[in-house]
Amino acid sequence: MIHAVESTKLAALISEKGRVDDIIKLNNSGAMNVEKDEVLKRYLDANGVVKAWPGKAQNRLVILEYLASKFEPGKQYSEQEINLILMKYLDDYVTRRRDLIEYHFLTRTDDGRFYWVNQQKQKNAD
């Protein structure tokens with residue numbers, strides 16, 4: 001369970017647009033690693049497939065981070081390749097692909113032809 005202080009900080013960060021990196025940093029604090037494991041257990045089946053999409057923003061970010069981990073850093077992917085990988089883990093791959101871009105887990109060219117892992121975001125998660 002999240003401590004009241006951490007929960008208050010998290011709520012404040014979520015309410016501020018563009019503060020996703022701070023949320024991930026907070027989620028990666030020692031106490032939060034247990035919480036992340038619990039979120040993954042709650043929302044993934046035994047095969048690692050997302051069985052339900054979380055309602056809470058902090059839980060959605062944990063699942064998005066999990067999905068982003070399915071892509072190889074330094075490799076460029078086409079939109080079709082991104083879709084094929086995401087289809088292995090959830091049904092609504094189009095919306096989740098957009099979420100991965102919006103929350104900066106993945107980056108893409110302006111024309112949407114190529115995608116890659118946002119390595120800065122990955123460094124923050126480690």
Side-chain angles (χ1 to χ4, degrees):
M1 177 172 252
I2 301 175
H3 299 292
V5 173
E6 290 174 337
S7 182
T8 303
K9 286 181 189 176
L10 188 58
L13 290 171
I14 290 170
S15 68
E16 295 181 37
K17 187 175 175 80
R19 301 301 305 261
V20 175
D21 289 333
D22 292 333
I23 296 167
I24 296 301
K25 286 177 190 173
L26 181 59
N27 275 341
N28 285 324
S29 67
M32 295 302 291
N33 285 333
V34 172
E35 181 73 15
K36 285 171 73 171
D37 289 342
E38 290 175 11
V39 169
L40 293 173
K41 287 178 187 175
R42 187 176 326 135
Y43 292 101
L44 303 179
D45 69 13
N47 297 316
V49 174
V50 179
K51 56 186 176 183
W53 194 249
K56 290 184 176 181
Q58 66 191 33
N59 293 345
R60 288 192 302 266
L61 289 171
V62 171
I63 300 302
L64 286 172
E65 182 180 21
Y66 164 77
L67 293 171
S69 75
K70 303 305 176 188
F71 299 96
E72 185 180 321
K75 179 178 177 180
Q76 284 193 341
Y77 295 88
S78 68
E79 183 176 298
Q80 183 178 15
E81 290 172 314
I82 295 288
N83 292 344
L84 289 171
I85 291 168
L86 290 176
M87 277 186 225
K88 295 176 187 176
Y89 301 99
L90 41 75
D91 292 328
D92 190 4
Y93 60 90
V94 174
T95 301
R96 300 311 151 218
R97 184 188 68 233
R98 289 181 196 137
D99 289 345
L100 287 165
I101 297 297
E102 181 179 335
Y103 290 101
H104 307 287
F105 288 99
L106 297 180
T107 305
R108 69 177 179 185
T109 57
D110 288 339
D111 62 7
R113 290 183 60 208
F114 298 104
Y115 294 71
W116 60 92
V117 173
N118 181 346
Q119 293 184 357
Q120 184 63 39
K121 178 72 124 191
Q122 188 178 38
K123 286 178 188 175
N124 290 340
D126 290 341

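No experiment lies behind these values; they were computed from the predicted model shown.
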Side chain to side chain contact (heavy atoms under 4.5 Å, CB included) evaluation trace for E65 with K36:
CA-CA 10 Å; E65 182 180 21; K36 285 171 73 171; 3.0 Å; yes

Which residues satisfy the side chain to side chain donor-acceptor pair (under 3.5 Å) test with D91, sequence neighbours excluded?
none

Roughly how far, to the nearest 0.5 Å, is OG1 of T95 from CD of E102?
11.0 Å

Is there a donor-acceptor pair closer than 3.5 Å between any side-chain N or O of Y115 and the backbone N or O of I101?
no

Quick check: is M87 connected to Y66 through a chain of hydrophobic side chains (ILVMFWY, heavy atoms under 4.5 Å apart)?
yes

For the residue pair R96 and D99, establish whether any side-chain heavy-atom pair is separated by less than 4.5 Å.
yes

Drop me the distance from L90's CG to I63's CD1, to the nearest 0.5 angstrom.
9.5 Å

So, taking the atom named CG in L40 and the one named CD in E35, what distance separates them when rounded to the nearest 0.5 Å?
10.5 Å

Would you mind reporting whether E72 and Y77 have side-chain heavy atoms less than 4.5 Å apart?
yes

D111, CG atom: more than 12 neighbouring heavy atoms under 6.0 Å
yes

Straight-line distance of Y89 OH to L67 CG, nearest 0.5 Å:
8.5 Å

Side-chain contact, heavy-atom cut-off 4.5 Å: L100 with L86?
yes

Any donor and acceptor pair, going by atom type alone, linking the side chain of R108 with main-chain N or O of W116 inside 3.5 Å?
no

Check step by step if salt bridge (charged side-chain N to carboxylate O under 4.0 Å, His left out) holds for R97 and E79.
CA-CA 9 Å; R97 184 188 68 233; E79 183 176 298; 3.8 Å; yes

Could you walk me through whether F105 and N118 pass the side chain to side chain contact (heavy atoms under 4.5 Å, CB included) test, one step at a time?
CA-CA 5 Å; F105 288 99; N118 181 346; 5.9 Å; no

Pairs touching residues 40-54 that satisfy side-chain hydrogen bond (donor to acceptor under 3.5 Å, both in side chains), sequence neighbours left out:
none

Measure the spacing between CD of Q76 and CD1 of I82 and express it to the nearest 0.5 Å.
10.5 Å

Shared ILVMFWY cluster between L64 and L84, side chains joined below 4.5 angstrom?
yes

Provide the closest heavy-atom pair for P54 versus N59 in the form atom of the first, atom of the second, distance.
CB-CB, 3.5 Å

